[in-house]
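Data block below; observations after.
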Amino acid sequence: MILSKIKVAIIGSNRTRLINKLKNENIPIYYLKTDESTTFWVKQNDLKKLKEFADLYGVQLEVVKTSGVAGSLEKTIKNLPYITAVIICFVILIISTQYVYNVKVEAQNDVYANKVELLLRENNIFGTIPKGKINLNEVENLILSNLSEVSFATCYIEGFSLKIKIVANDNPKQTEEKKNLHSDFDAVVTRIMVRSGTGEVAVGQRVKAGDVLIGGYHIADNTPSDGEENGDIIEVAADGEVYGKVYTHKRFVIPEQAYTFVKTGKSKIKRQIGFNKLAVIKSGKVPYEFYEVATTNIKLFGLLPLNITTYEYFELQKVQIEQNTYIENLKNKCDSEFIASLNLDAKLLVKNYEIKEVEGIKYLDIFYETEQRIDNGGYNY
């Protein structure tokens, strides 16, 4: 039985002489095959002598395969990073079963759920917590004793999560304080429709961001006949729609030498294994100087915070282009991004480009005039 053996291939005119030499030296060979090259197996311990004889006869020798103890050792060394990763993941898996990694609160209303989450954070019950340090009865009593709105709370551990279910006494009441409807932009008012409240601006009026557009009040029609007193002021929820012309200015520096980046067609994939927020096996350095990257994240084992992040890097080549081409590309890019940022009901009325040079620096100024809704969206509690 051969505990460790090596498969070799030899090429050269003196192959037969080498084989005969091995036989004369009582060096056993196994599974001898001759074609364009001669292959056979030898013991691991005989490899050194075989190389000496191959050099002596001018025969080219190549180790093709190893088996037995040496082969197993070689495969182990070759796959050591993967074996290490598996061992690390296995150890992490065992350790991770002793912790919870998130707290989930179930309630019929988000207001109560947020209050419970805030209370737990204030008492350091969030994030990664050892299961042995969680007293479920104490968590339930903490909630019931600090939140009068909660009539029932139950806590339990499921997998890697601390789950809390609560039942509230009543639905939370919205605050009765009504506020005004304000402008989100500097603009010139073009249209105004008041559904509730009192309009504070008129068509053609210039407003600034933060100005009141519709007041959260209504003046009752109970003015005395002599007209010396105003009617009663009744607070209401300001609601309506106000549109205006909005002017946007963007400025870009035009470099003396302009460049663009194009894909070369080359790409490389790197992966990173993470546990919770810790990178266990890092992806390594970025393979290119200029690149685009696409990221895919896969979470393993459901609730277990073990994930594999795949990064695909696409190599980019820096290419010099004419300044006019650079300016046109810049215009198109800015236009596309600006149009995409507008609301569906917004209209682009005018756009204008200006190129100017100030103290030796060339600028591209882009001006947009749009008509769009300028109020901050109706009810504002």
Side-chain angles (χ1 to χ4, degrees), residues 74-93 96 101-102 127-128 248-344 348 351 353-368:
E74 181 180 348
K75 290 179 181 179
T76 301
I77 295 174
K78 183 178 180 180
N79 297 311
L80 186 60
Y82 302 100
I83 296 172
T84 304
V86 171
I87 294 173
I88 291 174
C89 291
F90 183 72
V91 172
I92 289 174
L93 181 61
S96 65
Y101 300 94
N102 54 71
T128 303
T248 305
H249 170 224
K250 295 180 180 292
R251 166 168 282 190
F252 303 92
V253 176
I254 302 174
E256 294 182 2
Q257 291 185 336
Y259 298 89
T260 188
F261 293 90
V262 296
K263 289 185 177 180
T264 64
K266 296 181 181 179
S267 66
K268 286 188 178 180
I269 293 177
K270 289 181 173 288
R271 291 183 174 85
Q272 177 170 292
I273 299 177
F275 177 76
N276 205 8
K277 296 182 180 180
L278 176 65
V280 179
I281 299 179
K282 297 183 178 180
S283 60
K285 295 182 179 179
V286 176
Y288 307 117
E289 180 181 4
F290 305 108
Y291 62 90
E292 288 182 359
V293 60
T295 304
T296 305
N297 190 52
I298 301 175
K299 189 174 182 180
L300 305 178
F301 307 119
L303 296 174
L304 182 67
L306 191 66
N307 56 76
I308 297 178
T309 304
T310 301
Y311 303 96
E312 185 170 7
Y313 294 93
F314 299 91
E315 185 183 38
L316 300 179
Q317 183 178 3
K318 189 176 181 181
V319 179
Q320 186 172 351
I321 60 174
E322 293 183 356
Q323 195 174 76
N324 289 337
T325 303
Y326 176 84
I327 293 173
E328 290 303 315
N329 292 343
L330 188 58
K331 289 179 182 178
N332 294 333
K333 180 182 178 182
C334 187
D335 289 347
S336 299
E337 292 177 350
F338 181 75
I339 296 299
S341 68
L342 295 177
N343 295 327
L344 294 177
L348 177 61
K351 64 179 178 180
Y353 310 107
E354 292 183 6
I355 297 176
K356 61 183 67 174
E357 188 169 330
V358 180
E359 297 180 353
I361 300 176
K362 188 177 287 188
Y363 297 95
L364 169 65
D365 288 311
I366 304 180
F367 302 91
Y368 298 105

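Quick note: numbers below take in every heavy atom, side chains included, and nothing from hydrogens, waters or symmetry partners.
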- request: State the CG-CD1 distance between Asn324 and Ile355, to the nearest 0.5 angstrom.
  value: 7.5 Å
- prompt: Checking Lys250 against Phe338: charged group under 6.0 Å from the ring centre and within 45 degrees of the axis?
  reply: no
message: Quick check for you: to the nearest 0.5 Å, what is the distance between Leu342 atom CG and Thr248 atom OG1?
response: 8.0 Å
Donor-acceptor side-chain pairing of Glu315 and Thr264 below 3.5 angstrom: yes
message: Parallel, tilted or perpendicular: which one describes the rings of Phe290 and Phe261, with boundaries at 30° and 60°?
response: tilted
field: Note, Tyr353 side chain near Leu330 side chain (heavy atom, < 4.5 Å)
entry: no
message: I want to check something: taking the side chain as every heavy atom from C-beta on, are Lys351 and Ile366 in contact at a cut-off of under 4.5 Å?
response: no
- request: Begin from the C-alpha positions of Tyr313 and Tyr291 and carry the test ring pair (Phe, Tyr, Trp, His ring centres under 6.0 Å) through to its verdict.
  value: CA-CA 6 Å; Tyr313 294 93; Tyr291 62 90; 5.4 Å; yes
- prompt: Taking the side chain as C-beta and beyond, is there a heavy-atom pair between Ile269 and Arg271 under 4.5 Å?
  reply: yes
- request: For residues Lys268 and Pro287, report the shortest heavy-atom separation together with the two atoms involved.
  value: CD-CB, 3.8 Å
- request: Please round to the nearest 0.5 Å and tell me the distance separating atom OG1 of Thr260 and atom CD of Gln317.
  value: 11.0 Å
side-chain contact (heavy atoms from CB on, under 4.5 Å) evaluation trace for Asn329 with Ile321: CA-CA 11 Å; Asn329 292 343; Ile321 60 174; 4.0 Å; yes
field: Spacing of Arg251 atom CZ and Glu354 atom CD [to the nearest 0.5 Å]
entry: 9.5 Å
message: Please find the pair of heavy atoms, one from Phe314 and one from Ala294, that lie closest to each other, and give the distance.
response: CE1-CB, 4.2 Å
query: Could you give the distance from CD1 (Ile327) to CG (Leu364), rounded to the nearest 0.5 Å?
result: 6.5 Å
- request: Using a 4.5 Å cut-off on heavy atoms from C-beta on, say whether the side chain of Cys334 contacts that of Tyr368.
  value: yes
- request: Check each of Glu256, Gln323, Glu357 against Lys362 using the side-chain hydrogen bond (donor to acceptor under 3.5 Å, both in side chains) test, and report the only one that passes.
  value: Gln323
query: Would a 4.5 Å heavy-atom cut-off, applied to side chains only, mark Val293 and Val286 as touching?
result: no
query: With a 4.5 Å limit on heavy-atom distance, are the side chains of Glu312 and Thr296 in contact?
result: no
message: Quick check for you: to the nearest 0.5 Å, what is the distance between Thr310 atom OG1 and Lys270 atom NZ?
response: 12.5 Å
